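Quick caveat: nothing in here was measured; it's all calculated off a predicted structure.
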Amino acid sequence: MRKHITQRSVGFILILWCLSASAAMAQSFTDDAKILTNYQKSLDSLFLKVKTITAPEAKTELADNTSAISLNLVKPNKKVLTGNEVYEHAKLSTVTVGIAYLCPRCTNSHISESSGYVIDPKGIVVTNYHVVAMYANISDGNKPLGFTVRMADGKAYAIKKVLACSKRDDLAVLELVTDGEKLPALALAQAGNVGDKVYVLGHPKGMHYFLSQGYVTNKYFEEAGEHDKKFFREMMAISADYATGSSGGPVMDSHGNVIGTVSNTKMLTHSEMNPSVQMVIKNTVPVESLRKLVK
């Protein structure tokens, strides 16, 4: 009888342990409105302590800082990760790039959000050239307040400098004010190949830390530039989804290493006579182009 009771007790304990373990593994739900509100509140105190790069300064540095720079890049991960492991790994290093501004219609401050990722623990972030250009050339009566990033843990940092950039390749490397604090960084892979599985992490339309999965579908030369200044640049097309707000986010392989940076989308229509959309090309900047900017 005593042995029977002991076995039942052990069984009951195991059930409780399994239930608690399952609860511990369950992920919380993202509260996007709360994230944005907390981001705005954190900037109020940040701007009292730290000065960010100004819009005119950003405009000047976008034109000047086109040379390659040396960074303390982290070593690539060699272990194949599950989708959830890629997400948890990349989330720590993926940032929200925020343009804080005042609009002419109210007295409240606003934040225009894009994406980016840390590649050097000293606080060096990669995003798109066009993201920085939006801040540098802010218009329509909007008044820039500052240029910052927010980490997944909620901490915000001021952007103080454009270290390197390429308008042609739609890339910008930014330096944060970290006061010596080390940040988690993503490693760069050598390259991605057509057919490789990819993951994208970013903030499409304010949906923070949205993960999508797909494949590298093409690597090709995209025609870009104004009609009288056309040029061709390296592009890597993928099938993973993203949208406005994902610009500058990391494109990663199955090891969680960066093989590209989200850039733009291109709609392919049937014809001029029949403008129905047949395909949307998801263009990302291949890591080979980023390696031309960083050593």
Which side-chain N or O atoms in residues 87-103 pair as donor and acceptor under 3.5 Å with protein atoms at least two apart or in another chain?
| unit_1 | atom_1 | unit_2 | atom_2 | d |
| --- | --- | --- | --- | --- |
| Y87 | OH | K91 | NZ | 3.4 |
| E88 | OE2 | Q27 | NE2 | 2.8 |
| S93 | OG | P184 | O | 3.0 |
| S93 | OG | A185 | N | 3.4 |
| T94 | OG1 | A90 | O | 2.8 |
| T96 | OG1 | H203 | NE2 | 3.2 |

(request) Any pair with a residue in residues 107-130 that passes salt bridge (Lys or Arg N to Asp or Glu O under 4.0 Å), sequence neighbours left out, goes on the list, sorted by first then second residue, please. (result) none
(request) Taking side-chain hydrogen bond (donor to acceptor under 3.5 Å, both in side chains) as the test, write out the residues that go with H110, two or more places apart. (result) none
(request) Check the hydrophobic clustering (I, L, V, M, F, W, Y; side-chain heavy atoms under 4.5 Å; chains of links allowed) and say if F47 and I53 are grouped together. (result) no
Side-chain donor/acceptor pairs under 3.5 Å, residues 60-67, sequence neighbours excluded:
| unit_1 | atom_1 | unit_2 | atom_2 | d |
| --- | --- | --- | --- | --- |
| T60 | OG1 | P56 | O | 3.2 |
| E61 | OE1 | V162 | N | 2.7 |
| N65 | ND2 | V162 | O | 2.4 |

Under 3.5 Å, which donor-acceptor pairs do the side chains of residues 146-153 form with other protein atoms, sequence neighbours left out?
| unit_1 | atom_1 | unit_2 | atom_2 | d |
| --- | --- | --- | --- | --- |
| T148 | OG1 | Y39 | OH | 2.7 |
| D153 | OD1 | K155 | N | 3.0 |

(request) For N38, check side-chain hydrogen bond (donor to acceptor under 3.5 Å, both in side chains) against everything at least two apart and list the hits. (result) none
(message) Using a 4.5 Å cut-off between side-chain heavy atoms of Ile, Leu, Val, Met, Phe, Trp and Tyr, which other residues end up in the same hydrophobic cluster as F210?
(response) M207
(request) Scan for salt bridge (Lys or Arg N to Asp or Glu O under 4.0 Å) pairs involving residues 94-108, sequence neighbours excluded, and state none if there are none. (result) none
(message) I'd like to know if V173 and V258 are part of one continuous hydrophobic network [Ile/Leu/Val/Met/Phe/Trp/Tyr, side-chain heavy atoms within less than 4.5 Å].
(response) yes
(message) Does any part of the side chain of K292, heavy atoms only, come nearer than 4.5 Å to the side chain of L171, both counted from C-beta?
(response) no
(request) Could I get the full list of side-chain hydrogen bond (donor to acceptor under 3.5 Å, both in side chains) partners for N274, not counting sequence neighbours? (result) S276
(request) Please answer: with hydrophobic residues joined when any side-chain heavy atoms are less than 4.5 Å apart, are L290 and L176 in the same cluster? (result) no
(request) Could you name each residue pair satisfying salt bridge (Lys or Arg N to Asp or Glu O under 4.0 Å) that touches residues 40-57, not counting sequence neighbours? (result) K51-E57
(message) Can you pull out every salt bridge (Lys or Arg N to Asp or Glu O under 4.0 Å) where at least one residue sits in residues 262-284? Sequence neighbours excluded, please.
(response) E222-K266, D241-K282
(message) For S42 versus S45, what's the shortest heavy-atom pair and its separation?
(response) O-OG, 3.0 Å
(message) Restricting to side-chain hydrogen bond (donor to acceptor under 3.5 Å, both in side chains), what partner residues turn up for S246, sequence neighbours left out?
(response) none
